[in-house]
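Convention: sequence-line order gives letters A, B, ...; per-chain numbering from 1.
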There are 2 protein chains.
Amino acid sequence: MNAGRLAGFDGWRDLFIDRISRDNQRMTPQRLQIAETLYHHGHLNVDELHRRVRDIDQTVGYATVYRTLKLLERYGLVEVSHFADGTARYEVHVGGEDHHDHMICTRCGKIVEFENEAIEALQVEIAQAHGYKLTNHRMDLFGLCPSCQ
Amino acid sequence: MNAGRLAGFDGWRDLFIDRISRDNQRMTPQRLQIAETLYHHGHLNVDELHRRVRDIDQTVGYATVYRTLKLLERYGLVEVSHFADGTARYEVHVGGEDHHDHMICTRCGKIVEFENEAIEALQVEIAQAHGYKLTNHRMDLFGLCPSCQ
DNA sequence: CTAGGTGCAAACAATTTGCTGCTCA
DNA sequence: TGAGCAGCAAATTGTTTGCACCTAG
């Protein structure tokens, strides 16, 4: 049932492999494991990601997780978000996919993704009205999820 | 010409004094100086704020700036934003005032504030559609300001 | 082979906290 | 007077980097 999900990972991983070789860098089992783990559990911070990777490969170090995330970030294959807890959270970014934003439960921390074209259009208008050329944005909604209300 | 601006500070400072006494805490010259400096220069990070405060009172320490900002934050008198540079930036928050968001120039760092009711309304709709009770939000637009394009 | 990667530990940077003397209410 | 501050420096926490050994290509 998650064949599509796995196929999705395969495609994304192939992008990683492609970008890494064009960049004269090497693919390693650690990098692959980090990428795969992140792909299957979005919105992880480095500590959580490191723990999950370590469940599979005991030897992977913290620094390698950071360095791999930096690589993925440079290749545009992941996106970082800084929420209130002071840690950076990562999730995979699939090229042609629409940008999405986050709604975070302030009690349990659950994160829901959403996208809204009307807001995106308004953002462009606002930027133009101030003479800015919009390149990117970040929007987080905070509140209580259904089960925490 | 900035009489209105000063009057604004007076009101906000009085809120600070009021909240601080209700909280069984004390007003001190350092706290007042930190509050006043922040009021007159929004979007400062701790280092910048500390430097400006020190221009006026050489003895104020880093920790006091942090502790005062925590107080102000707890009282709802300032808002924190985490932009990409890893430091927290503070600005005063006046009670009845409408929430505003930020547009940041990715080249020179200039920050413009704006507010947009249509987007706020859409945010409420999105939250409801996911069963969330919206309490707060954050929206940052990134791009190039007119002089950096 | 060898440029580049890994893990570890040390270095950094932002923020917090313990402590001792000081001060507002 | 006494509970609560201030300043300093040491401690934490998140992230980066130097180095000696290891490995993908």
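Listed in residue order, the members of residues 58-77 of chain B having a heavy atom less than 4.0 Å from DNA chain C are B:Ala63, B:Tyr66, B:Arg67, B:Lys70.
Take A:Glu73 and apply the salt bridge (charged side-chain N to carboxylate O under 4.0 Å, His left out) test, not counting sequence neighbours, and it matches no residue. In this structure A:His102 satisfies the ring pair (Phe, Tyr, Trp, His ring centres under 6.0 Å) test together with A:His43, A:Phe83, A:His100, sequence neighbours excluded. With sequence neighbours left out, A:His99 forms a ring pair (Phe, Tyr, Trp, His ring centres under 6.0 Å) with A:His137. Every residue was checked against the salt bridge (charged side-chain N to carboxylate O under 4.0 Å, His left out) condition with B:Arg67, not counting sequence neighbours, and none meets it. Residues meeting the salt bridge (charged side-chain N to carboxylate O under 4.0 Å, His left out) test with B:Arg51, sequence neighbours left out: B:Asp47. A:Arg19 meets the salt bridge (charged side-chain N to carboxylate O under 4.0 Å, His left out) test with no other residue; sequence neighbours excluded.
When hydrophobic residues (I, L, V, M, F, W, Y) are linked wherever their side-chain heavy atoms come within less than 4.5 Å, the members clustered with B:Phe114 are A:Met103, A:Val112, A:Phe114, A:Ile119, A:Leu122, A:Val124, A:Ile126, A:Tyr132, A:Leu134, A:Met139, A:Leu141, B:Met103, B:Val112, B:Ile119, B:Leu122, B:Val124, B:Ile126, B:Tyr132, B:Leu134, B:Met139, B:Leu141. Through direct or relayed side-chain contacts under 4.5 Å between Ile, Leu, Val, Met, Phe, Trp and Tyr, A:Leu144 connects to no other residue.
Remark: the B:Gln25 side chain and the B:Ser21 side chain contain no N/O donor-acceptor pair separated by less than 3.5 Å.
Contacts of A:Asn24 with the nucleic acid, taken as non-hydrogen atoms under 4.0 Å apart, involve only primed sugar atoms and P, OP1 or OP2.
A:Gln149 contributes atom CD, which lies 8.5 Å from atom SG of A:Cys105 (distance to the nearest 0.5 angstrom).
A donor-acceptor distance shorter than 3.5 angstrom exists from the side chain of B:Glu48 to the backbone of B:Asn45, with no hydrogens or angles considered. Counting only distance, with no hydrogens or angles, the side chain of B:Trp12 and the backbone of B:Leu77 share a donor-acceptor pair below 3.5 Å.
Rounded to 10 degrees, the angle separating the terminal helix axes of the helix from C:dC1-D:dG25 to C:dA25-D:dT1, each built from five base pairs, is 40°.
Taken together through direct or relayed side-chain contacts under 4.5 Å among Ile, Leu, Val, Met, Phe, Trp and Tyr, B:Tyr90 and B:Leu32 form part of one hydrophobic cluster.
Nucleotide C:dT15 holds its P atom 11 Å from the CD atom of B:Glu48, rounded to whole Å.
Bracketed by its first and final contacts, the part of DNA chain D lying under 4.0 Å from non-hydrogen atoms of chain A reaches from D:dG14 to D:dG25 in 5' to 3' order.
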remark   = Scoring nucleotides 20-25 of chain C by protein non-hydrogen atoms under 4.0 Å (B base, S sugar-phosphate only, - none) yields ---BBS
